[in-house]
Amino acid sequence: MAQILNDISRTFSEYLLIPGLTTKECIPSNVSLKAPLVKFKNGEKSKIELNIPFVSAIMQSVSDSGMAKALATNGGLAFVFGSQSIESQVEMVSRVKNFKAGFVVSNANLTPEHTLADVLDLKHRTGFSTIGITDNGASNGKLLGVVTGRDYRIKKDNLDKKVSEFMTPFAKLTVGNFGISLHEANDIIFENKLNSLPIIDDKQNLKYFVFKKDYDNHQDNPLELSDAAKKLLVGAGINTRDYAERVPALVEAGVDVVCIDSSDGFSVWQKQTIEWIREKYGENVKVGAGNVVDKEGFLYLVEAGADFVKVGVGGGSICITREQKGIGRGQATALIEVSEARDVYFKETGIYIPICSDGGIVHDYHMVLALAMGADFMMMGRYFARFDESPTKKVMVGGNYMKEYWGEGSNRARNWQRYDFGESENLKFEEGVDSYVPYAGKLKDNLDVTIGKIKSTMCSCGTISIAQLQQNAKITLVSSTSIIEGGAHDVIVKDAKM
């Protein structure tokens, strides 16, 4: 007969945190939510640290370049979905890496012989409103002028009008010389009341642009997750089929970390994928793996070379893997076992493997429970799908605004690679649903509320860091009756509209 595990498979809603001693230092402004994303040795720091412990799910309905830019700006990281062509995914990653870089390579360029129609077309295709005009239309050509929205009037100017007739010519531009520091460039921008500053070399070739909005954005978003070159960090999902073509293309585009997207990570296919990456790139390319739900699965991926491991099978709000296949485990139980295995591995080897909790989160307090149970960070789909920055449509359903949200295992996504067993290239049956989630507005507004709740809860536990929370938090199981007791009960709640 099969091996029977006697422990009960439990979810986050079956637990509560017990208050700890709240000291004078336990105030929200003192709480740090920094978390390691990839493995590191004892005494060292992770090569990539999140400023908030949130990453977005590798899903068509959640993580495109728009979500990646918004989430990195606020301290987290998105994994651009992999169930698309390599070229399309690479383009999304490139958009993020070029979005904010301090010194920005110009990806929108024309020649003086182009027309206003070309300007409008380029702006529509790239989203860039500042266009470098060079002698050959290349990003490193000789700078002859600049075109912005202030240089033309769409309703009055002829679309055949040549760029040379309305661009701001080089002689009227304020420029910076190649080798200037970002601080010096920003000083020039403010002293001359500019929106952008072209940077040129001694031959007048365009090297970069520096934008005032980038400085302003950084001041407004102190948790921004960026690299030494001030470029936003971004991840990308990969699969176990075309990794030999997809990974090199993503690396060339500047991706910071990749993650194998699979419902079942305890497989030889993931091991082969990780080993191929290690053989080609060594430790230079960071790769996450999963999903697993127990010690054996965790250790298998760690020994294969994973930089972090995702935990969770069947707990996502749009996932029906448990219903369809009877495979999975309660998210809390899975996370507790894998965290214990991670801690033992760290003691024995001196190598810390971050754990990502993926799925099962319904309420904001579940996030604190996940962290207390050992997760270093969380991957969420439904949470982020509700926001303006997700790539799906906002629609009216039953008098309320909703956002479309579908699983990678649904017929709509057709992401058969995520459920691949190395045979036919098709989705035999659905493991995800097509649905709606209530529209919630801007990511930043909602994220600020969620982070506020997390910090407040951590203070009530007497902790001001995730490490302290994991070490000192006390958690208790709750009965079904006490769950009812935890909400409003035995009263008539007033209608907010009254």
Side-chain angles (χ1 to χ4, degrees), residues 37-38 47-48 55-68 77-99 105 107 125-126 227 231-291 300-301 304-310 356 379 391 407-410 412-428:
L37 181 73
V38 296
K47 295 292 184 182
I48 304 177
V55 300
S56 64
I58 310 170
M59 300 174 67
Q60 296 174 7
S61 56
V62 178
S63 297
D64 66 347
S65 57
M67 178 60 69
L77 183 134
F79 285 91
V80 174
F81 71 92
S83 52
Q84 60 179 318
S85 71
I86 295 173
E87 294 75 19
S88 177
Q89 189 182 29
V90 163
E91 183 181 355
M92 287 188 182
V93 169
S94 296
R95 285 181 202 159
V96 181
K97 298 307 294 184
N98 290 316
F99 173 69
V105 175
N107 286 320
R125 287 188 289 109
T126 65
D227 59 22
K231 293 185 178 183
L232 297 177
L233 266 58
V234 60
I238 62 173
N239 61 67
T240 58
R241 283 278 181 142
D242 65 6
Y243 56 85
E245 295 79 35
R246 190 175 292 270
V247 172
L250 290 168
V251 171
E252 180 68 22
V255 75
D256 297 285
V257 57
V258 297
C259 183
I260 304 172
D261 182 27
S262 174
S263 67
D264 178 10
F266 196 2
S267 77
V268 67
W269 314 116
Q270 288 221 5
K271 183 174 185 289
Q272 289 179 356
T273 302
I274 298 170
E275 288 177 343
W276 182 89
I277 292 174
R278 290 288 169 255
E279 289 173 6
K280 185 172 178 63
Y281 297 102
E283 296 294 329
N284 293 324
V285 171
K286 305 303 180 184
V287 53
N291 288 18
Y300 183 81
L301 295 178
D307 285 293
F308 68 85
V309 175
K310 286 203 298 161
C356 171
M379 177 174 281
E408 290 295 292
S410 67
R412 182 170 184 174
R414 303 299 301 172
N415 185 4
W416 62 267
Q417 293 96 334
R418 191 174 195 274
Y419 306 89
D420 185 25
F421 285 98
E423 296 182 332
S424 60
E425 300 182 3
N426 60 69
L427 193 67
K428 296 179 178 62

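Note that the structure is predicted; figures quoted are calculated from it, not measured.
The 12-atom threshold is not exceeded at CD of Glu252, counting heavy atoms of other residues, nucleotides or ligands nearer than 6.0 Å.
Using a 4.0 Å cut-off between charged nitrogen and carboxylate oxygen, Arg278 and Asp307 count as a salt-bridge pair. Ionic pairing of Asp242 and Arg246 is present here: one or more N-O contacts between side-chain nitrogen and carboxylate oxygen are shorter than 4.0 angstrom.
By the side-chain hydrogen bond (donor to acceptor under 3.5 Å, both in side chains) test, Gln270 is found to be paired with no residue, residues two or more places apart in sequence or in another chain being considered. Legend: residues meeting side-chain hydrogen bond (donor to acceptor under 3.5 Å, both in side chains) with Glu275, ordered by chain and number and at least two apart, are Lys271.
Annotation for Gln89 and Phe81: closest pair NE2-O, 3.3 Å, computed over non-hydrogen atoms. Counting all heavy atoms, side chain and backbone alike, Gln60 lies closest to Ser83 at NE2-OG, 3.0 Å. The minimum heavy-atom distance between Gly254 and Lys97, with the atom names listed, is O-CE, 3.5 Å. Counting all heavy atoms, side chain and backbone alike, Ile274 lies closest to Ala289 at CD1-CB, 3.8 Å. Minimum interatomic distance between Val62 and Ser56 (heavy atoms only, all atoms of both residues): CG1-CB, 4.0 Å.
For residues 231-267, the ring pair (Phe, Tyr, Trp, His ring centres under 6.0 Å) pairs, not counting sequence neighbours, are Tyr243-Trp276, Phe266-Tyr300.
Between the side chain of Ser65 and the backbone N or O of Val96, no donor-acceptor pair lies under 3.5 Å. Between the side chain of Asn291 and the backbone N or O of Gly265, no donor-acceptor pair lies under 3.5 Å.
Atoms CG and CZ, from Asp256 and Phe79 in turn, are 9.5 Å apart once rounded to the nearest 0.5 Å.
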- [ ] Using the side-chain contact (heavy atoms from CB on, under 4.5 Å) rule, take Trp269 and Asn239 through it: C-alpha gap first, then chi angles, then the decisive distance, then the call.
- [x] CA-CA 9 Å; Trp269 314 116; Asn239 61 67; over 6 Å; no
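When each of Ile238, Leu250, Val285 is checked for a side chain to side chain contact (heavy atoms under 4.5 Å, CB included) with Val255, only Leu250 meets the rule. Each of Asp64, Val234, Val90, Ile58 was compared with Val80 under the side chain to side chain contact (heavy atoms under 4.5 Å, CB included) criterion, and only Val234 meets it.
A donor-acceptor pair shorter than 3.5 Å cannot be found between the side chains of Thr273 and Thr240.
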